[in-house]
Structures are given as structure tokens and as C-alpha cells.
Colleague: 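Following this message is one structure expressed as C-alpha cells.
Lettering follows sequence order; numbering is per chain, from 1. Every heavy atom of this structure was used, including side-chain atoms; hydrogens, water molecules and symmetry mates were not.
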Protein chains: 2
Amino acid sequence: MKKRISLKDIADAVGVSVSLVSYVLNNKGKENRVAEETAKRIREVAKELNYRPNQIARSLKSQRSQSIGLIVADISNPFFANLARTIEDEAHTKNYTVIFGSSDENHVKLKKVLDFLTTRQVDGFILAPTHGCKETIIELQEQNIPFVLIDWYFEGLFTNYVIIDNFQASLDATNHLLKRGHQRMVLDFIPVGIIHFKDRVRGYETALKKGGYRFGR
Amino acid sequence: MKKRISLKDIADAVGVSVSLVSYVLNNKGKENRVAEETAKRIREVAKELNYRPNQIARSLKSQRSQSIGLIVADISNPFFANLARTIEDEAHTKNYTVIFGSSDENHVKLKKVLDFLTTRQVDGFILAPTHGCKETIIELQEQNIPFVLIDWYFEGLFTNYVIIDNFQASLDATNHLLKRGHQRMVLDFIPVGIIHFKDRVRGYETALKKGGYRFGR
DNA sequence: CTGAAAGCGCTAACAC
DNA sequence: GTGTTAGCGCTTTCAG
């Protein structure tokens with residue numbers, strides 16, 4: 001039954017103070033002029049004892065958890081799963097961990113998950129908004145927790161977000177169809193006033209008008 | 001710029017000690033006979049100030065991070081993404097958070113991710129082994145970190161694992177084909193000595209023999 | 001019924 | 001060059 005090794009264990013083994021060990025293991029030894037010999041001993045013992053820093057303690061001190069919360073509608077949805085993978089890779093290279101949560105497109109659940117992860121002190125969120133979550137987003141802003149929205153944004157709400165260019169995509173799609181000679185088409189969408197649907201309608205309409213076609217609702 | 005609210009903030013606001021606040025907010029007030037009136041005040045103020053416990057501090061004290069590491073080959077693979085979702089739901093109900101990592105079926109990367117998450121003090125792992133990771137698994141055991149293997153296990157290694165019944169599945173599949181009148185079939189598999197492939201061959205062979213058919217390699 | 005204080009593992013300012 | 005100490009936010013023992 002091995003216990004986890006702490007800085008103190010190393011300090012005791014080498015016969016120095018914890019702070020020295022901390023300095024050396026964080027490579028701050030240079031500036032603090034730690035004796036090369038001591039540094040070497042410390043590094044050796046740390047390795048021998050298989051020391052793993054305790055990120056929790058570190059986080060408490062630094063006030064940064066080095067983790068981000070990823071909230072999507074459903075992590076088992078391929079679109080989000082792919083996203084998750086990319087985010088994971090990027091996060092890991094920056095020494096960040098990613099904790100995920102699914103909202104099921106339900107703003108009540110979204111809030112619950114957000115709260116859950118906030119308690120875990122995530123440093124920020126990447127989240128896919130759900131219908132009706134505007135209030136929650138505003139609260140997030142007020143709490144000063146960094147976040148970026150994906151796949152969706154709110155008109156009149158100043159937030160970071162990354163989405164596709166719905167207008168351009170719709171424009172291109174319509175033009176593509178027109179070019180192939182299709183003149184009668186219908187744009188199907190959910191009429192809930194969501195910004196990206198508006199953009200898509202606009203793209204569709206623009207392409208039609210530019211081509212000299214009729215646009216009706 | 002709101003700062004995060006701590007127990008001390010509440011204590012100061014109410015005019016009591018932090019310990020009292022801690023008791024009340026953890027519902028240990030009953031046993032410790034906290035005055036109903038005081039308890040009420042504390043709860044009110046906590047709500048007003050929108051207090052969120054700091055799980056990091058809690059973890060440092062309790063030595064449990066309330067999080068589990070999920071390591072799969074690739075989180076964007078639908079099989080694993082589905083698994084992830086189920087695990088997430090279950091974990092959240094138990095007040096556990098799940099941190100994920102992908103190994104890309106590479107045992108070197110697996111070890112790296114394991115190490116990364118170990119530093120974060122996850123309480124345990126759910127992991128899909130990769131080829132060649134036996135050594136790493138043994139180290140995990142030696143470090144006394146709880147884990148359960150999924151989709152794969154090692155012969156001669158005493159670990160928890162959850163897999164499908166490869167033998168039965170293969171037996172059923174073979175029987176199904178035989179029943180439909182298919183007598184010439186071939187079982188294709190990767191000959192790397194992985195336990196579940198062995199089981200599948202065994203199921204296949206058993207079905208064939210039982211049916212009185214020839215089994216050759 | 002309530003508070004003081006120690007300690008979880010780590011960092012960093014400061015002292016020697 | 002190295003050690004002491006305070007403190008991150010919380011829980012919990014022990015006093016009062």
C-alpha cells in the first residue's frame with residue numbers, strides 16, 4: 001500500500017526544506033541559486049520516489065484549476081464528440097484538462113451542469129447554448145467566468161463565440177442549386193428566431209434575388 | 001468584478017465563525033445543535049451571496065477529488081462517445097466529474113495521459129487498454145489507484161474489467177449463419193493474441209463442431 | 001451552542 | 001544557498 005509522495009517526503013529524504021524541493025522541481029532553481037549538487041540530489045530522489053505533483057494543492061494556491069468545462073448538447077453526438085477530441089488535444093498541450101457535461105438541449109440542465117462544473121473551479125467554459133439559456137449566459141458573464149459559445153450566439157449579447165458563417169453557407173448552397181438549374185426550392189427551418197436560422201434565410205434570399213428569382217415566404 | 005465568495009465571507013457577513021457556516025452548509029447542524037435561527041441566517045446569506053463551495057479546497061482536505069478519468073482510444077469514436085455519455089450521467093448523479101483523455105491506441109500516449117490525470121488526483125480510472133500497455137497497467141496497480149478496464153482484459157492479471165461475452169457472441173453469430181444454411185464461412189481476426197479474439201475463435205469453433213462441421217485454420 | 005486552530009500539499013515572500 | 005512561514009478554502013477536533 002504505497003502512499004502518495006509529497007514534497008515533504010522528498011525534502012525529508014534529501015535532508016532539505018520543502019521550499020527548496022519546490023524550487024528545484026519547478027525549475028526555479030537557477031534564479032534562486034540552488035547548489036547544483038543539491039538540485040541533482042533532489043531530482044534523483046523525486047524520480048526514485050516516483051513523485052507526482054498534487055495539482056489540487058497547486059490549484060488551491062494558484063487559484064487556477066488548469067481545467068476547462070466543455071458543455072455540449074450531448075457528448076455522444078458525433079458532431080460534439082469530434083469537437084471534444086480536438087479540444088482535448090489542444091487543452092492537453094497547454095497543460096489543461098477538460099471536463100465535459102451534456103445539456104440535452106435543455107436550459108435547466110445546462111444551468112445545473114454549469115453550476116456543477118463551476119463548483120469544480122474550472123477556469124472557463126466552452127459551451128453550446130441551448131434554447132432559452134440566455135439568462136444563464138448573462139449570469140455567467142456577471143460571475144466573470146470566461147467562456148466561449150459554440151455553434152450559436154445571441155444578438156445583443158456581447159460574448160465570444162465561434163460559429164460557421166451561416167449566411168455564406170446558405171448563399172453558396174443556394175447558388176449551387178441555381179447553377180445546376182434548380183429554380184424551385186424551399187428552405188426548411190425552425191422558426192424560433194434563432195440567429196443562425198435568420199442568417200441562413202438571408203443567404204438564401206440574397207442568392208435568389210441576385211439571380212433574379214422570386215423569393216416568397 | 002465580483003470575487004468568489006468563500007465561507008469566510010459568509011461568516012463575516014453573519015457574524016459567526018467559519019466553522020459554523022461549514023457545519024450548516026453541510027447539513028451537519030443537526031448533530032451539532034446549531035441554533036435554528038443562526039442556521040437560517042447562514043443559509044440566507046449564502047444564497048444571497050450566491051455561494052459556491054470550492055471543491056478544490058474540499059478535495060485537498062478530503063484527499064478525494066470526486067473525479068474519475070476516462071481513457072479511451074478516441075473520444076470521437078461513436079462507440080466510446082456513447083460510453084462516455086453513460087458514464088457522465090452516472091458520475092454526475094454521484095457527484096463525480098469525468099475527465100477524459102484519448103490514447104489513440106498507443107500505449108506510450110496512454111501512459112502519458114494516465115500520468116497527466118494522475119497528477120490531477122482523479123480518484124480512479126475507467127480505461128480501454130491498448131496493445132502493449134500491460135506494463136502500465138501493472139504500474140497502476142502498484143500505485144494503488146483504482147481502475148476498471150473496458151473492452152479488454154489481460155490473462156493472468158487480476159483486475160476489474162467489463163467486456164462483452166465474446167465467446168457467446170461469436171457462438172451465436174456462427175449458429176445464426178449455420179441456421180441460415182451457410183456452411184462455408186471464414187472468421188477474420190487480428191492474430192495478436194488478444195484475449196477477446198481468442199474467445200471469438202473459440203465460440204466459432206465450438207458452434208462449428210457442435211453442428212458437425214469441419215473447422216480448420 | 002459557538003469558536004479557535006490545525007492541517008491537507010503546495011508556492012513564494014522574506015529572513016538568515 | 002537554504003529555511004521559515006503564511007496562506008489558498010475547507011473540514012474537523014477540541015475547548016469553552
Side-chain angles (χ1 to χ4, degrees), chain A residues 2-43 45-46 49-67 95 118-123, chain B residues 2-43 45-46 49-67 95 118-123:
Chain A
K2 288 192 192 175
K3 77 186 260 283
R4 295 188 74 70
I5 300 299
S6 73
L7 284 186
K8 184 158 190 332
D9 296 319
I10 301 177
D12 289 349
V14 179
V16 293
S17 72
V18 253
S19 44
L20 255 225
V21 181
S22 173
Y23 279 136
V24 173
L25 263 26
N26 288 306
N27 292 316
K28 302 206 172 160
K30 260 293 177 33
E31 311 134 35
N32 284 276
R33 305 149 287 165
V34 175
E36 192 45 53
E37 184 57 29
T38 319
K40 209 177 134 211
R41 279 283 293 140
I42 291 175
R43 268 189 272 270
V45 175
L49 264 35
N50 194 30
Y51 172 70
R52 292 280 171 277
N54 182 329
Q55 177 65 34
I56 297 221
R58 212 177 247 181
S59 290
L60 184 59
K61 179 75 185 164
S62 67
Q63 306 285 53
R64 327 186 70 245
S65 65
Q66 296 286 124
S67 68
N95 197 33
T118 300
T119 291
R120 312 314 254 248
Q121 314 296 118
V122 296
D123 292 336
Chain B
K2 289 192 193 173
K3 75 185 262 280
R4 295 189 75 71
I5 301 298
S6 73
L7 285 186
K8 183 159 190 332
D9 297 318
I10 301 177
D12 288 349
V14 179
V16 293
S17 71
V18 252
S19 38
L20 248 261
V21 181
S22 173
Y23 279 136
V24 173
L25 265 25
N26 288 307
N27 293 315
K28 304 209 172 157
K30 262 292 180 29
E31 310 135 37
N32 286 274
R33 307 146 287 165
V34 175
E36 192 43 55
E37 184 57 31
T38 319
K40 210 177 133 212
R41 281 282 295 136
I42 290 176
R43 267 189 274 268
V45 174
L49 264 35
N50 194 30
Y51 172 70
R52 291 280 172 279
N54 183 327
Q55 177 64 36
I56 298 223
R58 211 176 249 181
S59 290
L60 184 59
K61 180 73 186 165
S62 68
Q63 305 286 50
R64 328 186 67 245
S65 65
Q66 296 287 123
S67 69
N95 196 34
T118 301
T119 291
R120 312 312 252 248
Q121 311 299 120
V122 297
D123 292 336

Colleague: Check salt bridge (Lys or Arg N to Asp or Glu O under 4.0 Å) between B:R43 and all other residues, then give those that pass, not counting sequence neighbours.
Modeller: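 Testing B:R43 for salt bridge (Lys or Arg N to Asp or Glu O under 4.0 Å), a comparison that skips the adjacent residues, returns none.
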Colleague: Atom CZ of B:R41 to atom P of C:dT2: distance rounded to whole Å?
Modeller: 13 Å
Colleague: Applying side-chain contact (heavy atoms from CB on, under 4.5 Å), can you list everything that pairs with A:A57, at least two apart in sequence or on another chain?
Modeller: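 Applying side-chain contact (heavy atoms from CB on, under 4.5 Å) to A:A57 gives A:N54, B:L60.
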Colleague: Round to the nearest Å and state the distance from A:K40 atom NZ to D:dG1 atom P.
Modeller: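 Roughly 16 Å, once rounded to whole Å.
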Colleague: Work out which heavy atom in A:Q121 is nearest to a heavy atom in B:R4; give both atom names and the distance.
Modeller: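 Heavy atoms only, the tightest pair is NE2-NE, 3.3 Å.
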Colleague: To the nearest Å, give me how far apart CD1 (B:I10) and P (D:dG9) are.
Modeller: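 Rounded to the whole Å, the gap is 13 Å.
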Colleague: By salt bridge (Lys or Arg N to Asp or Glu O under 4.0 Å), which residues pair with B:R120, not counting sequence neighbours?
Modeller: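 B:R120 satisfies salt bridge (Lys or Arg N to Asp or Glu O under 4.0 Å) with no other residue.
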Colleague: Going by salt bridge (Lys or Arg N to Asp or Glu O under 4.0 Å), name the residues that satisfy it together with B:K61, two or more places apart in sequence or in a different chain.
Modeller: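 Testing B:K61 for salt bridge (Lys or Arg N to Asp or Glu O under 4.0 Å), a comparison that skips the adjacent residues, returns none.
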Colleague: Who are the side chain to side chain donor-acceptor pair (under 3.5 Å) partners of B:K40, not counting sequence neighbours?
Modeller: none
Colleague: In whole angstroms, how far is the P atom of D:dT11 from the CZ atom of B:R64?
Modeller: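 To the nearest whole Å, that distance equals 14 Å.
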Colleague: Classify the nucleic acid contact of B:T38 as base, sugar-phosphate or nothing, counting any heavy atom under 4.0 Å across all strands shown.
Modeller: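 Result for B:T38 = sugar-phosphate.
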Colleague: Once you build an axis from the first five pairs and another from the last five of the helix from C:dC1-D:dG16 to C:dC16-D:dG1, how far apart in angle are they, to 10 degrees?
Modeller: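 For the helix from C:dC1-D:dG16 to C:dC16-D:dG1, the axes at either end differ by 60°.
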Colleague: Check the distance between C:dC1's P and B:I42's CD1 and give it to me in whole angstrom.
Modeller: 14 Å
Colleague: Without decimals, in angstroms, what is the distance between B:Q66 CD and D:dG9 P?
Modeller: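 Taking CD of B:Q66 and P of D:dG9, I get 20 Å after rounding.
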Colleague: Base contacts versus sugar-phosphate-only contacts with protein, heavy atoms under 4.0 Å: please encode nucleotides 8-13 of chain C as B, S and - from 5' to 3'.
Modeller: BBBBBB
Colleague: Among residues at least two apart in sequence or on other chains, which ones pass side chain to side chain donor-acceptor pair (under 3.5 Å) with B:S6?
Modeller: B:D9
Colleague: So, using side-chain contact (heavy atoms from CB on, under 4.5 Å) as the criterion, who are the partners of A:R41 when residues are at least two apart?
Modeller: A:V14, A:E37, A:E44, A:V45
